[in-house]
Amino acid sequence: MAAICVFCASSRTLDQRWLDLASATGAELARRGHTLVSGGGCVGMMGALVEGARAAGGRTVGIIPQVLVDLEVADVASDELVITDSMASRKVLMVEKSDAFLTLPGGLGTLDELFEVWTTATLALHRKPTVVVDTDGFYTPLLDWLRAVTDQNFLKPAGFDLVQVADTVPTALDVIEAALT
């Protein structure tokens with residue numbers, strides 16, 4: 001099966017529904033036989049994600065910079081934990097080690113990772129499927145803005161279309177699996 005990288009929040013102050021979404025995502029990835037690639041953290045949605053995957057028998061690969069290891073937020077229970085020297089090198093390895101990308105709700109770090117993957121796809125540096133999970137319309141304002149940016153020719157329509165949007169995790173994984181076949 002595929003190595004699917006999931007971008008999501010690591011905040012410790014999130015509503016339980018976001019943690020539940022992350023846990024269910026990890027479990028669904030494992031049930032479908034995929035390897036979870038994550039940012040290597042053990043807190044917030046990222047922690048719930050990896051725990052959900054492991055509880056369902058999934059394999060986890062964490063990629064984390066040393067600065068976050070030093071803060072004691074590394075997922076030391078990962079099947080494979082890769083420690084990088086920077087956030088930038090972390091993103092490079094996440095792209096290299098993954099066959100596809102799934103973005104759950106998150107903040108600046110999540111958006112940074114999504115935009116890195118999206119930008120490199122528009123430059124044809126990879127052709128890996130990328131899906132945003134727009135649970136409860138979380139990403140709708142951002143997607144509306146990006147459509148407006150596209151309408152103003154700052155982003156080509158073909159570039160906008162490199163990222164798919166799904167309302168649920170199972171639908172997002174169906175999109176990824178169809179693109180990988």
Side-chain angles (χ1 to χ4, degrees), residues 1-12 14 18-19 21-133 139 162-164 169 172-173 175-177 179-180:
M1 299 302 322
I4 300 178
C5 185
V6 178
F7 304 132
C8 61
S10 61
S11 171
R12 298 175 196 233
L14 299 173
W18 301 120
L19 301 174
L21 174 66
S23 179
T25 300
E28 185 68 15
L29 282 165
R31 274 194 293 280
R32 292 182 184 220
H34 299 298
T35 294
L36 168 63
V37 177
S38 77
C42 64
V43 296
M45 288 177 72
M46 203 180 307
L49 174 73
V50 296
E51 288 301 322
R54 281 195 287 272
R59 182 173 189 279
T60 60
V61 175
I63 304 172
I64 190 167
Q66 183 65 53
V67 67
L68 295 180
V69 173
D70 295 344
L71 293 174
E72 298 181 352
V73 296
D75 177 27
V76 295
S78 278
D79 294 303
E80 180 183 350
L81 186 63
V82 180
I83 300 172
T84 65
D85 63 356
S86 68
M87 294 292 278
S89 58
R90 172 203 215 180
K91 289 186 289 184
V92 168
L93 276 177
M94 291 169 97
V95 172
E96 288 176 0
K97 287 188 168 282
S98 302
D99 300 309
F101 306 94
L102 181 73
T103 303
L104 297 176
L108 290 177
T110 302
L111 291 174
D112 177 50
E113 292 163 339
L114 169 63
F115 283 119
E116 177 82 15
V117 167
W118 199 342
T119 300
T120 53
T122 65
L123 297 171
L125 298 176
H126 70 83
R127 300 197 184 288
K128 299 175 182 183
T130 303
V131 180
V132 170
V133 179
Y139 283 111
L162 288 172
V163 171
Q164 302 297 307
V169 169
L173 291 175
V175 169
I176 287 171
E177 289 168 349
L180 291 174

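For M1 against R32, the heavy-atom pair with the smallest separation is CG-O, 3.6 Å. Of all the heavy atoms in Y139 and L104, the pair that sits closest is OH-O, 2.8 Å. The nearest pair of heavy atoms linking F101 to M94 is CE2-O, 3.9 Å. Pairing each heavy atom of A30 with each of A53, the nearest pair is CB-O, 3.5 Å. Looking at every heavy atom in both residues, V43 comes nearest to S10 through CG2-O, 3.3 Å. Scanning both residues, G41 and D75, for their nearest heavy atoms gives O-CB, 3.5 Å.
K97 places no side-chain N or O within donor-acceptor distance of the main-chain N or O of A3, the cut-off being under 3.5 Å. Side-chain atoms of R31 never come within 3.5 Å of backbone atoms of A56 as a donor-acceptor pair (strictly under, hydrogens ignored). No donor-acceptor pair closer than 3.5 Å links the side chain of H34 to the backbone N or O of L29.
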Inset, instruction - Quick one: do C42 and E51 satisfy side chain to side chain contact (heavy atoms under 4.5 Å, CB included)? Show the steps, please. - result: CA-CA 8 Å; C42 64; E51 288 301 322; over 6 Å; no
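A side chain to side chain contact (heavy atoms under 4.5 Å, CB included) with D79 holds for exactly one of V61, T60, L36, T35; it is T60.
Two residues are said to be in side-chain contact when any heavy atoms from C-beta on lie closer than 4.5 Å; Q164 and V132 fail this criterion. Looking only at side-chain heavy atoms (C-beta outward), E96 and H126 stay at 4.5 Å or farther from each other.
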Using a 3.5 Å cut-off and no angle test, enumerate the donor-acceptor pairs between side-chain atoms of residues 109-117 and protein atoms at least two apart in sequence or in another chain.
unit_1 : atom_1 : unit_2 : atom_2 : d
T110   : OG1    : C8     : O      : 3.2
D112   : OD1    : K91    : NZ     : 3.1
D112   : OD2    : K91    : NZ     : 2.9

Hey, can you pull the donor-acceptor pairs under 3.5 Å for the side chains in residues 62-73, sequence neighbours left out?
unit_1 : atom_1 : unit_2 : atom_2 : d
Q66    : NE2    : D70    : OD1    : 2.7

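In this structure, CG on L102 lies 6.5 Å from OG1 on T25, to the nearest 0.5 angstrom. Rounding to the nearest 0.5 Å gives a distance of 11.5 Å between OG of S23 and CD of E28. If you take CG on L93 and OG on S98, they are separated by 9.5 Å, rounding to the nearest 0.5 Å.
Annotation for L123: atom CG counts as buried by contact number, over 12 foreign heavy atoms lying within 6.0 Å.
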